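Report on the following structure.
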Amino acid sequence: MPPESWEKELNSIAPELIAELKEKKEPDKGLPPLELKGPLVMRFAPNPNGPPTIGSARGIVVNSEYTKKYHGKLIIRFDDTDPATKRPMLEAYDWYLDDCEWLGAKPNEVIIASDRIAKYYEVAEELIKKGGAYVCFCEQEEFKALKDAKKACPHREEAAEKNLESWKKMLSGGYKEQEAVLRIKTDITHKDPAIRDWVAFRIIKTPHPRPQVGDKYCAWPLLDFEGAVEDHLLGTTLIIRGKDLTDSETRQRYVYKYMGWTYPETMHWGRVQIHYEDLLSEDSISKETEYYLVVDGQKYGVPKQYVRPDEITTSLYENDINNKGYAVAVGYTTKGNIGFKKASKPYPLVELTSKNGFIMISEKTLIKNLGKLSTSGLKKAIAEGVYTGWDDPRVPTIRALRRRGIRPEALRKFMIDLGLGETDISLSLDTLYAENRKLIDPVSNRYFFVWNPVPLEIEGAEPKVAKAPLHPAKKEMREIPVGTKVLVCRSDVDILKIGERLRLKDLYNIEITGLSPLKAKFIGTDMDLVKKEKARIIHWAPPDGLKVKVLSPDGEYNGVGEPGIEKELDKVVQFERFGFVRIDSVDSEGVVAYFTHK
RNA sequence: GCUCCGAUAGUGUAGCACGGCCAAUCAUGUCAGACUCUCACUCUGACGACUGGGGUUCAAAUCCCCAUCGGAGCACCA
């Protein structure tokens, strides 16, 4: 019996079985469902020491997605309790709120930790009274030595009254920085050294950047304490955070136990790195690539072998070598795309990541690994002028993506599709771009933009007004007046030969008659000729067009665009045969556009 | 060194709590073709993975053990 008959037969006997079979095949969309015992309260808790990054977007989106789905409450809480080393930026508070709203994740409540220090003091005092916390005067190294030896420090057994007294003195500024800390009493013999008697408060005399707070406090809570107290005060029921904070839970549970509170449910996700993959030019990849390890321009090693560090003496950093002594390497496949591969099994190796953020690939190509830049690293680079600001297209912030014309829905979907895995991932923004392209392609007008322009004189052509569709699926036309001279791209010119026939898109056909200077003659307007001869179709721009500059993650493109682009300010358009861009500014100097993606 | 976590195609995911519907899902990517006055979009097809080794079982991606690799924490950072 053929399968169709089977289905028919089965349908008549047991229709529910068919339904079940089909249902089974349907993939789960979106985030995994939650098993809730009560109302859902979640928080997203950044330190506003810089604008939200692509990594922050994950937290914003996932938290908001769940609270939307289960009619819960979303709180944004600024964990700004370090006025010194991770000093908050005043502008960043609003940047977070703004980017959240843009992402469709407007929080129900906004909490600023530095406004609520007094509440943390109350809890601290109670903990001291209960014997769950003590003021410690050990020097850092001294305490670490004791801790590693599972030994208590002399202050641990101090009476509660004495601790209370010291605590008051801490609050009133009676100690210098580094002189005293408040520790939570856990288990000094805990098998995990990360858990043993952790610090809840330290003394910082640097004033807080927020004028409302200023120098009001000199005892500041650390994240583990502030977070523990706030999560309880806010009634948080589910916490999703990075794997790096898993130990926090174990530490914080001691506070919850002393106070008789109930700890929220927790979920974790792995480390995220972003790599940009699209900087390989096609000619740098051949299908039958030979693989080398390249360090500082030198070839080492042979493919399909692990690369041993003793074969390489230059520029290998400690972090690039795993504990087996193999270099952590990155490869690309014969298909030409790049992937990070674990060095645990043989793989055609080509390159080495180096600590300075670059990956070497063969001799020609360089890939920037933007995901590796930390907020503080970015801050420094911006101050030094390496980047123009927090929305420089090369910088991995939400602001930069916005400026480039990425739609919030695309970013949301991208983050939701990542899911909640505890696996460490290294991802490519390609998927985000593909998602975004689907959204903007149907609504983006088309224009010509010629980068690295080369003038082309056409004999026998009459000045005319070219008509081209604003969008291939719509009927509105754009009009481009053109004389006997046009501009074309250097990259198109480079491969031209005398006698070659080509089509200037939406204009007419030409035959090349000279290369330097570039000359051609008019040979008609007939499209059939183009189709018959399979002539190349290239785009062009009038010499008196608009000056256009495109800023993209991999550099600047300067050229000339057709008139009309200036009407698209703040919109995303497609520069044909170039890619999508967002028109960022228009003035007498010309047009500045931000590259969205191909 | 101590502790914890993880491992499915190039990339990211689904499946794992309850072993058979899994010769393994979806997206992206790559290749080929169709469409097209763009290298965009759309459509069709192809490619491509359970880290390794043992064990339990009639049956293992799924449970157990070991190995390997990767990541994180052990801060008066968040």
Side-chain angles (χ1 to χ4, degrees), chain A residues 20-21 24-29 32 45-47 49 79-82 84-86 136 139-140 143-144 147-148 177-183 190-196 198-204 220 222-224 226-227 242-248 250 268 270-271 275 277 287 322-324 326 328 331-345 375-376 413-414 417-419 421-428 430-435 437-438 441-442 444 446 448 468-469 471-473 503-507 527 530-531 537-539 574-580 598:
Chain A
E20 196 182 318
L21 277 171
K24 201 79 183 181
K25 281 287 170 197
E26 278 302 307
D28 282 341
K29 288 283 175 225
N47 176 13
N49 63 341
D79 284 346
D80 56 346
T81 58
D82 181 0
T85 47
K86 292 219 171 161
C136 174
E139 288 196 12
Q140 269 184 69
F143 186 86
K144 182 174 164 39
K147 182 191 74 178
D148 287 345
E177 287 190 15
Q178 313 282 316
E179 202 178 339
V181 293
L182 186 77
R183 284 187 189 279
H190 198 287
K191 62 175 181 171
D192 183 352
I195 307 305
R196 300 170 195 160
W198 49 277
V199 175
F201 284 86
R202 82 295 210 190
I203 293 163
I204 297 174
W220 285 92
L222 280 104
L223 177 74
D224 279 336
E226 178 265 333
K243 241 179 20 171
D244 50 326
L245 294 176
T246 35
D247 283 340
S248 285
T250 321
H268 299 96
R271 206 174 86 132
H275 62 264
E277 65 311 291
K287 297 287 165 50
N322 63 32
N323 60 17
K324 194 69 186 286
Y326 294 134
V328 176
Y332 55 83
T333 67
T334 49
K335 290 186 174 174
N337 41 7
I338 297 159
F340 288 73
K341 202 71 187 172
K342 291 157 198 162
S344 56
K345 55 182 176 184
T375 303
S376 49
K413 183 162 192 308
F414 179 69
D417 285 348
L418 282 188
E422 286 195 37
T423 329
D424 305 308
I425 54 178
S426 167
L427 52 87
S428 142
D430 254 9
T431 318
L432 171 66
Y433 296 156
E435 212 60 66
R437 190 177 297 119
K438 284 179 194 156
D441 183 82
S444 301
R446 268 57 171 173
F448 291 152
H471 187 282
R503 171 74 172 184
L504 293 176
K505 189 170 184 285
D506 301 308
L507 189 60
M527 262 323 274
V530 177
K531 286 186 175 146
I537 299 167
I538 65 170
H539 69 291
Q574 188 197 50
F575 286 164
E576 293 195 38
R577 307 210 307 140
F578 180 77
F580 293 90
K598 287 213 75 156

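So you know, we letter chains A, B, ... as the sequences are listed, proteins then strands, and number each from 1. Predicted model only: the values in this text are computed from it and were never measured.
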Next item on the list: With C1' as the reference atom in both, quote the distance from B/U13 to B/G19 in angstrom, rounded to an integer.
Entry: 23 Å
Notebook entry, point to check: What nucleic acid atoms does A/Val199 come within less than 4.0 Å of, heavy atoms only: base, sugar-phosphate, or nothing?
Noted result: sugar-phosphate
Check: At under 4.0 Å between heavy atoms, what does A/Asp441 touch on the DNA or RNA strands: base, sugar-phosphate, or nothing?
Finding: base
Check: Base, sugar-phosphate, or nothing for A/Lys86, non-hydrogen atoms under 4.0 angstrom?
Finding: base
Next item on the list: Ignoring the backbone of A/Arg503, work out which of B/G29, B/C39, B/C37 is nearest its side chain.
Entry: B/C37
Notebook entry, point to check: Taking the same atom, P, in B/A9 and in B/C4, what whole-Å distance lies between them?
Noted result: 27 Å
Next item on the list: Keeping the roles fixed (side chain from A/Ser428, backbone from A/Asp430), state whether a donor-acceptor pair exists under 3.5 Å.
Entry: yes
Checklist line | Euclidean distance, atom NE2 of residue A/His471 to atom P of B/U36 [Å, nearest integer] | finding: 17 Å
Notebook entry, point to check: Below 4.5 Å, heavy atoms only, C-beta onward: do A/His471 and A/Gln574 meet side chain to side chain?
Noted result: no
Notebook entry, point to check: Across the strands shown, which category fits A/Asp244 at heavy-atom distances under 4.0 angstrom: base, sugar-phosphate, nothing?
Noted result: base
Next item on the list: Check the distance between B/C37's C1' and A/Ile538's CD1 and give it to me in whole angstrom.
Entry: 13 Å
Note to self: Rounded to whole Å, how long is the line connecting atom CG of A/Asp247 with atom P of B/A78?
What the structure shows: 16 Å
Next item on the list: Kindly say whether A/Lys86 contributes a backbone atom to a donor-acceptor pair with the side chain of A/Asn47 at under 3.5 angstrom?
Entry: yes
Note to self: Please report the distance separating the P of B/C16 from the corresponding atom of B/C63, rounded so that it comes out in whole Å.
What the structure shows: 10 Å
Notebook entry, point to check: Looking for any heavy atom pair under 4.0 Å, which part of the strands does A/Asp192 touch: base, sugar-phosphate only, or nothing?
Noted result: base
Item checked: Gap between atoms CG and C1', on A/Asp430 and B/U13 respectively (whole Å) -> 16 Å
Notebook entry, point to check: Is the NZ or CZ atom of A/Arg183 positioned over A/Phe143's six-membered ring, under 6.0 angstrom from the centre and within 45° of the axis?
Noted result: yes
Note to self: Whether A/Arg577 contacts B/U36 is assessed here as follows: a side-chain N or O lying under 4.0 Å from the phosphate OP1 or OP2. Is that the case?
What the structure shows: no
Next item on the list: Determine if the base of B/A17 is syn or anti; take syn to mean the glycosidic torsion is within 90° of 0.
Entry: syn
Margin query: What's A/Arg196 touching, base or sugar-phosphate or nothing? Going by heavy atoms closer than 4.0 Å.
Written below: nothing
Note to self: Mind checking if A/Leu245 touches a base, just sugar-phosphate, or nothing, with heavy atoms under 4.0 Å?
What the structure shows: base
Next item on the list: For nucleotides B/U62 and B/A7, find the distance between their P atoms and express it as a whole number of Å.
Entry: 12 Å
Next item on the list: Compare the minimum distances between each of B/C37, B/C74, B/C77 and the side chain of A/Lys147, then state the nucleotide with the smallest one.
Entry: B/C74
Notebook entry, point to check: Can you find a side chain N or O atom of A/Arg271 that sits less than 4.0 Å from OP1 or OP2 on B/A72?
Noted result: yes
Checklist line | Nucleotide nearest A/Asn47 (side chain, heavy atoms from C-beta), chosen from B/C5, B/A78, B/G29 | finding: B/A78
Note to self: Within the 4.0 Å heavy-atom criterion, would you say A/Thr246 contacts the bases, only the backbone, or no part of the nucleic acid?
What the structure shows: nothing
Next item on the list: Look at the side chain of A/Thr431 and decide which nucleotide, out of B/G6, B/G29, B/A27, has an atom nearest to it.
Entry: B/A27
Notebook entry, point to check: In whole angstrom, what separates A/Glu576's CD from B/U36's P?
Noted result: 16 Å
Item checked: Cationic N near anionic O, under 4.0 Å, A/Asp424 to A/Lys243 -> yes
Check: Expressed in whole Å, how much space separates the C1' atoms belonging to B/G15 and B/C50?
Finding: 11 Å
Check: Which dot-bracket notation, 5' to 3', represents the base pairing of RNA chain B when pairs are defined as Watson-Crick or G-U with both distances under 3.5 Å, crossing pairs as [ ], and inter-strand pairs as |?
Finding: (((((((..(((.......[.....)))((((((.......))))))...(((((..]....))))))))))))....
Notebook entry, point to check: Is it the case that A/Asp82 and A/Thr85 place a side-chain donor and acceptor less than 3.5 Å from each other?
Noted result: yes
Check: Does the pair A/Asp441/A/Arg446 count as a salt bridge with the N-to-O cut at 4.0 Å?
Finding: yes
Margin query: Between A/His539 and A/Arg577, do the side chains contain a donor N or O and an acceptor N or O under 3.5 Å apart?
Written below: yes
Next item on the list: Side chain of A/Asp424 only, please: which of B/G71, B/U38, B/A40 is the nearest?
Entry: B/G71
Check: Base, sugar-phosphate, or nothing for A/Phe578, non-hydrogen atoms under 4.0 angstrom?
Finding: nothing
Check: When all nucleic acid strands are considered with a 4.0 Å heavy-atom cut-off, which category describes A/Pro46: base, sugar-phosphate, or nothing?
Finding: nothing
Check: Do A/Thr81 and A/Leu222 have side-chain heavy atoms sitting under 4.5 Å apart?
Finding: no
Notebook entry, point to check: Does the side chain of A/Lys531 get closer than 4.0 angstrom to OP1 or OP2 of B/C37 through an N or O atom?
Noted result: yes
Check: Across the strands shown, which category fits A/Thr81 at heavy-atom distances under 4.0 angstrom: base, sugar-phosphate, nothing?
Finding: sugar-phosphate
Note to self: As a test of reading the structure: which of B/U13, B/G29, B/G71 is closest to the side chain of A/Ile425, going by heavy atoms?
What the structure shows: B/U13
Notebook entry, point to check: What distance, rounded to whole Å, do you find between the two P atoms, one in B/G45 and one in B/A27?
Noted result: 12 Å
Check: If you check the A/Lys438 side chain, which of B/A7, B/U28, B/A40 turns out closest?
Finding: B/U28
Check: Side chains of A/Val199 and A/Leu182: does their closest heavy-atom pair fall under 4.5 Å?
Finding: no
Check: Out of B/A75, B/U38, B/G73, which nucleotide sits closest to the side chain of A/Ala194?
Finding: B/G73
Margin query: Using the C1' atom as the point on both nucleotides, what is the distance between B/A14 and B/U8, in whole Å?
Written below: 10 Å
Check: Taking the P atom of each, how far is B/G73 from B/G54, in whole Å?
Finding: 36 Å
Margin query: Once you apply a heavy-atom cut-off of 4.0 Å, does A/Leu418 come out as touching a base, just sugar-phosphate, or nothing?
Written below: sugar-phosphate
Notebook entry, point to check: Does A/Arg202 use its side chain to pair, donor to acceptor, with the backbone of A/Ala180 at less than 3.5 Å?
Noted result: no
Next item on the list: Would you mind telling me which of B/U38, B/C76, B/C5 lies closest to the side-chain atoms of A/Pro472?
Entry: B/U38
Notebook entry, point to check: From the list B/A78, B/A40, B/C74, which nucleotide is the closest neighbour of the side chain of A/Gln574?
Noted result: B/A40
Notebook entry, point to check: For the pair made of CH2 in A/Trp198 and P in B/G73, what is the distance, rounded to whole Å?
Noted result: 17 Å
